[in-house]
Amino acid sequence: MTLLTRRLLLAGATAAGTTLAAPGLIRPAAARVTTLTVASLLGDDKPETKVWLKIRDLVEAKLPGEFRFNIVKNGALGGEKQVAEGARLGSIQAGLSTVSSLSGWVPELQILDLPFLFRDADHVRRTVEGDIGADLAAKLAAQNFAVGGFINYGARHLLAKEPTTRPEQLKGKTIRVIQSPLHTKLWSAFGCTPVGIPITETYNALSTGVADAMDLTKSAYAGFKLYEVVPYLTETGHIWASGVIFYAQSFWSGLSDAQKMVFTEATREGAAAFNALIVADEARSVEEAKAHGGAVLKPENLAAWQQGAQGVWQDFAGIVGGPEKIKAVQAA
């Protein structure tokens, strides 16, 4: 149960009494239509856009004619940080983001980014659906992000211009990183020079030699056609890329309790659909990359990669809640 769901249960019970005459349908009191500008980094064929089409349809089914979703695709509104800033300013009403890009506002989110902490997607799901997820959602709400649900983009893997299967092969390389202190620390530990570059500018940075490597999920690897500039994907799986579906607080606070209940349920269903879409899209993305000359490699000596990342746990323990909290997540 999400934070928004818990807050709305009592209010929803009252609202439900007004809709018994027409189950499943909440009719608007007036013909006013509210437009949401929604940001998507990728195109129609990717989960980042498909999730909003699903949420849109679910909302329309319950609140016909009340909302129009203006879904702006292919990163036209900027990268994740630009979109988040737009939401805080009220110019963008909704979007998706990795927790990495929101950690500047809520540093505690970085517990979900600790390298080699999570075993698999189910381990991540149990964590974000429990007390840790609820606490992080509350902290995001305090920063004007109303969280509708957590999502999983899949594991992040190393992408490089040359075959790179051992950590020492990274020494002296320049690596594009998410604009996050944790990611900067991680790749510095492997002897790289990290450069924070928005994802929408990464292709050009790699093609012009500004960066030699980066890390990303398999789905986004194909979505941004990065196999054209970093053809080697090494399956390090070092970080599970958690994210959130969020609404601008300025938009959310203008909804009635009944509307909030509809959006909360639609977003919950959308998040589940997104996670399933990502799994299927990863397989398609790998095949697409291979068809265009990309290669998928296995890391040599995974223990060496894990050992190199351990300093991140120590450096960020005090920020994310302490060593005991990390251990609790690890054991979950």
Report the distance from atom OG of Ser242 to atom CG of Leu109, rounding to the nearest 0.5 Å. 9.5 Å

Is the shortest side-chain N to carboxylate O distance from Glu162 to Lys173 below 4.0 Å? yes

List in chain and number order the residues that pass side chain to side chain donor-acceptor pair (under 3.5 Å) with Asn70, two or more places apart in sequence or in another chain; answer none if no residue qualifies. none

Nearest heavy-atom contact between Pro115 and Leu182 is CD-CD2, 4.4 Å

How long is the span from the CG atom in Leu158 to the CE atom in Met214, to the nearest 0.5 Å? 10.0 Å

Val177-Leu112 co-clustered via ILVMFWY side chain contacts under 4.5 Å: yes

Tyr153 (side chain) donor-acceptor with Ser219 (main chain) under 3.5 angstrom: no

Return the minimal non-hydrogen interatomic distance between Thr267 and Gly149, and the atom names on each side. CG2-N, 4.1 Å

Please determine whether residues Ile71 and Leu41 belong to a single hydrophobic cluster, defined as Ile, Leu, Val, Met, Phe, Trp and Tyr linked transitively by side-chain heavy-atom distances below 4.5 Å. no

Before giving the answer on side chain to side chain contact (heavy atoms under 4.5 Å, CB included), spell out for Asn275 and Arg125 the whole-Å C-alpha distance, their side-chain angles and the decisive distance to 0.1 Å. CA-CA 10 Å; Asn275 292 344; Arg125 180 190 58 76; over 6 Å; no

Rounded to the nearest 0.5 Å, how far does OG1 of Thr98 lie from CG of Asn152? 11.5 Å

OG1/Thr264 to CD/Glu269 distance, rounded to the nearest 0.5 angstrom? 12.0 Å

Would you please classify the geometry between the Trp52 ring and the Phe69 ring as parallel, tilted or perpendicular, with 30° and 60° separating the classes? tilted

Heavy-atom distance under 4.5 Å between the side chains of Leu42 and Phe224, does that happen here? yes

Using a 4.5 Å cut-off on heavy atoms from C-beta on, say whether the side chain of Arg56 contacts that of Val38. no

Does the side chain of Leu114 come within less than 4.5 Å of Gln110's, by heavy atoms? no

Residue Gln307 excluded, over 12 heavy atoms near CD under 6.0 Å: no

Does a side-chain heavy-atom distance below 4.5 Å link Leu226 with Val229? yes

Is any side-chain heavy atom of Thr37 less than 4.5 Å from a side-chain heavy atom of Val72? yes

Let me know which of Asp212, Thr208, Leu206 forms a side-chain contact (heavy atoms from CB on, under 4.5 Å) with Val210. Thr208

Shared hydrophobic cluster, Leu102 / Ile197 (ILVMFWY, side-chain heavy atoms < 4.5 Å): no

Distance, nearest 0.5 Å, that separates OG of Ser103 from CD1 of Ile111: 13.0 Å

Under the ring pair (Phe, Tyr, Trp, His ring centres under 6.0 Å) test, residues paired with His183 that sit two or more places apart: none

Note, Trp305 side chain near Asn301 side chain (heavy atom, < 4.5 Å): no

Lys185 side chain to Asp315 main-chain N or O, any donor-acceptor pair under 3.5 Å? no

Around Asp131, counting heavy atoms of other residues, nucleotides and ligands shown, do more than 12 lie under 6.0 Å from its CG? no

ring-ring contact (aromatic ring centres under 6.0 Å, His included): which pairs involve residues 107-145, sequence neighbours left out? Trp105-Phe145, Phe118-His123, Phe145-Phe246

Lys/Arg-Asp/Glu bridge criterion (N-O < 4.0 Å) met for Arg88, Glu85: no

Taking all non-hydrogen atoms of both residues into account, name the closest pair between Tyr221 and Ala289 and its distance. CE2-CB, 3.7 Å

Go through Thr34 and Phe251 one step at a time and tell me if the side chain to side chain contact (heavy atoms under 4.5 Å, CB included) criterion holds. CA-CA 10 Å; Thr34 299; Phe251 165 76; 4.1 Å; yes

Between Leu36 and Phe67, which heavy-atom pair has the shortest distance, and what is it? CD1-CD2, 3.6 Å

Kindly work out whether a path of hydrophobic side-chain contacts (I/L/V/M/F/W/Y, heavy atoms less than 4.5 Å apart) joins Val147 to Val320. yes

Any chance you could lay out the salt bridge (charged side-chain N to carboxylate O under 4.0 Å, His left out) test for Asp281 and Arg284, step after step, and finish with the verdict? CA-CA 5 Å; Asp281 194 65; Arg284 287 193 297 269; 3.5 Å; yes

Side chain to side chain donor-acceptor pair (under 3.5 Å) involving Glu168 - partner list, sequence neighbours excluded: Arg166

Does Gly78 offer a backbone N or O that forms a donor-acceptor pair with the side chain of Thr200 under 3.5 Å? no

Apply side chain to side chain contact (heavy atoms under 4.5 Å, CB included) to Leu216 and Ile199, showing your working. CA-CA 10 Å; Leu216 200 61; Ile199 189 62; 4.1 Å; yes

Could you check whether any side-chain heavy atom of Phe274 comes within less than 4.5 Å of a side-chain heavy atom of Lys50, counting everything from C-beta outward? no

Given Phe150 and Leu136, is the side chain to side chain contact (heavy atoms under 4.5 Å, CB included) satisfied, shown in steps? CA-CA 10 Å; Phe150 282 88; Leu136 293 173; 4.2 Å; yes

Side chain of Ser91, backbone of Ala87: donor and acceptor closer than 3.5 Å? no

Interatomic spacing from CD in Gln330 to CH2 in Trp313 - rounded to 0.5 Å: 4.0 Å

Nearest non-hydrogen partners of Gln249 and Ala146, listed with the distance: OE1-CB, 3.8 Å

Taking all heavy atoms of Lys161 and all of Ala211, pick out the closest pair and write down the distance. NZ-O, 3.2 Å

Considering only heavy atoms from C-beta outward, does the side chain of Ile178 approach that of Arg156 to under 4.5 Å? yes

Tell me every residue that passes side chain to side chain donor-acceptor pair (under 3.5 Å) with Tyr227, counting only those two or more places apart in sequence or in another chain. Glu288

Hydrophobic cluster identity match, Leu170 and Tyr232, side-chain contacts under 4.5 Å: no

Determine the sole option in Lys46, Lys218, Lys290 for which the side chain to side chain donor-acceptor pair (under 3.5 Å) test with Ser285 is passed. Lys46

According to side chain to side chain donor-acceptor pair (under 3.5 Å), who are the partners of Arg126, at least two apart in sequence or on a separate chain? Asp122

